[in-house]
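We use all heavy atoms of the structure for the numbers below, so side chains are in, but hydrogens, waters and symmetry mates are not. All values reported here derive from a predicted model rather than from experimental measurement. Both ligands and their constituent atoms are indexed starting at 1 by order of listing.
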Amino acid sequence: MNYTAEYARSINDRENFWLEQAKKLDWFKAPEKALSIDDQGLYRWFKGGKLNTSYLALDYHVANGRADQAALIYDSPVTGRKKTYTYRELRDWVARFAGVLSDLGVVKGDRVIIYMPMIPQTLVAMLACARLGAIHSVVFGGFSAHELAIRIDDAKPKVMVTASGGLEISKVIPYKPMVDDSILEAEHKPEHVVVFQRDFVEAPMQEGRDLDWMELEAKASPQSWVEVDATDPLYILYTSGTTGKPKGVVRDNGGHAVALTYSMRAIYGVKPGEVYWAASDVGWVVGHSYIVYAPLLFGCTTILYEGKPVRTPDAGAFWRVMAEHQVSVFFTAPTAIRAIKKEDPEGKLADQYNLSQLRYIFLAGEHCDVPTYEWVTNLLKKPVIDHWWQTESGWPMLANPAGTELLPIRPGSAGMPVSGFDIQILGPDCKELGPNMEGAVAIRLPLAPGCLPSLWQNDENFKQSYLTQYPGYYASGDGGFKDEDGFVTITGRMDDIINVAGHRLSTTEMEEVLAGHPAVAECAVIGAADAMKGQVPVGFVVLKDGVTIGDEDLERELIQMVRTKVGPVAAFKRAIVVKRLPKTRSGKILRKIMRSMADGKPFQAPSTIEDMSVLGELEQKVQDLFNSI
Ligand code: COA
Ligand code: AMP
């Protein structure tokens, strides 16, 4: 079938299209209906169906000819380790760790927070939760203890799972002290913390509460899967919102399994048995979907890479992994390609490796700029496909559906709507805009299976955040336009979310941190363009009267505060003291103007500006800042 026909069916004959996709899975009880509406008025997929995601990802394959196929390849240049696990080995390990959790009293519906580096134990913990019908919430290792505490209080986990530490290139990051601090700060206290001790750093243990992974595993007996409803939550993944508080995106079991399985065939064009590699982190949605769940649900081999695109040991690391493990389809973020390009501008290191088995390179996480697209396309001579999605969707909403029909690539565009996503560009009055007119990228409801049905225990916030701005549509928060053929270009966020090296962060959250400094009267944080990371946060602060602290001392303190409160991943490195912030007469800070100034783009001051003269000083400060970098 070609793309146009397949996409049209997914929208116009939604019910049959998605029931057909659902039939490709081994349900314990197949759903009779695809779409329904719950008593909160929210769409739900495959209600009545019963399944287990861990069973589908492991046991099903063991029983259907893949027992001895590699399920997981762990490749860790930072520790010098490599290890392959077959489907049978992974299934047995997951069953045993499900036994560990079960011995600790974890049952269906309980939450388990996982704060771990990129090691096989992390996948095992996730799949063990899924096996028991427990809901995991993985927190990215680059977040601080405070961020972890916020998630503990929202998810209220019975158990936490962690490791003694991670390695950032050669720097040891002890994880356990962060977990201890987070539990101290949080009101909710998990009953137990399971700790996997790594050999390069030892975690301090609190007697009674903290338990050693290896000791527990040695005593545990394997646990079988628990039948769950299609609409039961599989996981919660917190993501930055426009307020200071992260949003708990919920993923269900049924829609997720159907959508991810479909995506492997229709979008990524990969075949069961092949090696699929998403070079992301399990702490992000890309890692959840395309390191852990989709490759395993589809019977592929997945790669867990504990390293960076550069410096582990060099900018040829990605090419080495792809050649060594025979990767067919590869997925990364444009920022990783830019990092490689910076260190190896001519891509010479790629010559050392045989990449003939590689079919496609997929990019997401941020807009793919044309120079990056061209560089990697010229280097690898394979289709490079930008595709757009969010934590909320859990899988791509715009793509070039290589598995269905590889459409001509239009550099700069994130592709065409994926099956199930009726994507429209809206004006402020909620009218659908015509070709090449920029507006809000919105999705006419219902969303496709696999997308968030709601936020964790907060339907009202879900409706308020995504469904009220444009009635009948999901507001993505991104801006963009469609060309005359329907290809969509994403132009960037329309809210206070920024994207730093493919990591989604809230500037509001950083502003709350800066505002907590005793010298700061008011502040604004904006995302300024950065050649490698895409964007970096820059803080502008106005001091309280009478404050004597030096600008450099203040900047140092503010940087440390953001590291402690948000985490190093925020990459907050610049804070500039200004006399005033540009504001409207009603007191609204004109962040858009500040962003334009930082990016060296033209801007127009609105007629409502309180005081035009403030712009001169600000522009000078911004210029000084960028001249000094
Ligand atoms: N645990 C602890 N700390 C972490 C971490 C983790 N998992 N990940 C990042 N950090 C820390 C880093 O050590 C660094 O700390 P520092 O300020 O003390 O040096 C800080 O967070 C910023 O890290 P990072 O964003 O990785 O910047 P970098 O300059 O070290 O590397 C890239 C730049 C482009 C190589 C890297 O960001 C990258 O690989 N990005 C791809 C992101 C991605 O795949 N996103 C998923 C979307 S598809
Ligand atoms: P996250 O929820 O962390 O996956 O971040 C989602 C956000 O990243 C989106 O709302 C976009 O702003 C941005 N994004 C992701 N993929 C793309 C893409 N291909 N093109 C442009 N922006 C993207």
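Closest of all the heavy-atom pairs between Cys300 and Met264 is SG-CE, 4.1 Å. What you find for Phe143 and Arg151 is that their closest heavy atoms are CE1-NH2, 3.9 Å. In terms of heavy-atom proximity, Lys245 sits nearest to Ile150 at CG-CG2, 4.5 Å.
Protein heavy atoms are found less than 4.0 angstrom from atom 20 (C) of ligand 1. Checking atom 42 (C) of ligand 1 against the protein gives a heavy-atom contact under 4.0 Å.
At a heavy-atom cutoff of 4.0 Å, ligand 1 is contacted by no atom of Glu343, backbone or side chain. Under 4.0 angstrom from ligand 1, the non-hydrogen atoms of Ser280 come from both its backbone and its side chain. When non-hydrogen atoms are compared, ligand 1 lies under 4.0 Å from the side chain of Tyr175 (C-beta onward) but not from its backbone. The residue Met118 has no part lying near ligand 1, judged by heavy-atom distances below 4.0 Å.
Which parts of ligand 1 touch Ala501 is read off a 4.0 Å heavy-atom cut-off, strictly below it: atoms 25 (O), 37 (O), 40 (N), 41 (C), 42 (C). Using a 4.0 Å cut-off to heavy atoms of Val569, the atoms of ligand 1 that qualify are 21 (O). Residue contact check: His503 has heavy atoms under 4.0 Å from atoms 25 (O), 37 (O), 42 (C) of ligand 1. Ligand-side atoms of ligand 1 in range of Ala364: 48 (S), range being under 4.0 angstrom from any heavy atom. Ligand 1 places these atoms under 4.0 Å from at least one heavy atom of Lys573: 17 (O). Residue contact check: Lys171 has heavy atoms under 4.0 Å from atoms 13 (O), 15 (O), 16 (P), 18 (O), 19 (O) of ligand 1.
The only option from Tyr268, Phe362, Phe421, Tyr293 that meets the ring-ring contact (aromatic ring centres under 6.0 Å, His included) definition with Trp395 turns out to be Phe421. A ring-ring contact (aromatic ring centres under 6.0 Å, His included) with Phe330 is found for one member of Trp319, Tyr360, Phe318 and no other, namely Phe318.
Taking each of Tyr115, Trp284, Phe140 in turn, the one with a heavy atom nearest to atom 7 (N) of ligand 1 proves to be Phe140. Considering Gly141, Gly365, Gly307 only, the shortest heavy-atom separation from atom 1 (N) of ligand 1 involves Gly141.
The shell of residues lying under 4.0 angstrom from ligand 1, judged by heavy atoms, includes Pro309. The shell of residues lying under 4.0 angstrom from ligand 1, judged by heavy atoms, excludes Lys342. Ligand 1 lies less than 4.0 angstrom from a heavy atom belonging to Lys533. At least one heavy atom of Ala279 sits under 4.0 Å from some atom of ligand 1. The closest approach between any non-hydrogen atom of Arg563 and ligand 1 is below 4.0 Å.
Between the side chains of Thr404 and Tyr7, no donor N or O sits under 3.5 Å from an acceptor N or O. Side-chain atoms of Thr491 and Glu438 form a donor-acceptor pair, as typed in the model, at a separation below 3.5 Å. Checked by atom type, the side-chain pair Asp386/Tyr373 shows no donor-acceptor distance below 3.5 Å. Counting only N and O atoms by type, the side chains of Gln424 and Tyr473 include no donor and acceptor under 3.5 Å apart.
Using bins of under 30°, 30° to 60° and over 60° for the plane-to-plane angle, the ring pair Tyr290/Trp389 lands in the perpendicular bin.
Summarising the geometry, atom CD1 belonging to Ile291 is positioned 11.0 Å from atom CG belonging to Leu296; distances are rounded to the nearest 0.5 Å. Taking CG of Asp154 as the start and NZ of Lys247 as the end, the distance is 11.5 Å to the nearest 0.5 Å.
No donor-acceptor distance shorter than 3.5 angstrom exists from the side chain of Thr335 to the backbone of Ala501, with no hydrogens or angles considered.
Scanning the protein heavy atoms around atom 34 (C) of ligand 1, the nearest turns out to be Thr335 OG1, 3.5 Å. With respect to atom 47 (C) of ligand 1, the closest heavy atom belonging to the protein is Gly502 O, 3.7 Å. Pro568 O, 3.8 Å is the protein heavy atom nearest to atom 22 (C) of ligand 1. The protein non-hydrogen atom at the shortest distance from atom 48 (S) of ligand 1 is Val286 CG2, 3.5 Å.
Using a cut-off of 4.0 Å between Lys/Arg side-chain N and Asp/Glu carboxylate O, Glu306 and Lys83 are scored as not salt-bridged. Here Lys573 does not pair with Asp530 in a salt bridge; the nearest charged N to carboxylate O distance is not below 4.0 Å.
Looking at ligand 1, you'll find an N or O of Lys308 within less than 3.5 Å of one of its N or O atoms. By the 3.5 Å distance cut-off applied to N or O atoms, Glu168 is counted among the residues near ligand 1.
More than 12 heavy atoms of other residues, nucleotides or ligands sit less than 6.0 Å from atom CD of Glu324.
Under 4.0 Å from any atom of ligand 2, one finds heavy atoms of residues Val285, Gly365, Glu366, His367, Asp386, His387, Trp388, Trp389, Gln390, Thr391, Asp478, Ile490, Arg493, Asn499, Arg504.
Listed by first and then second residue, the side-chain hydrogen bond (donor to acceptor under 3.5 Å, both in side chains) pairs that reach into residues 164-175 are Glu168-Lys308, sequence neighbours excluded.
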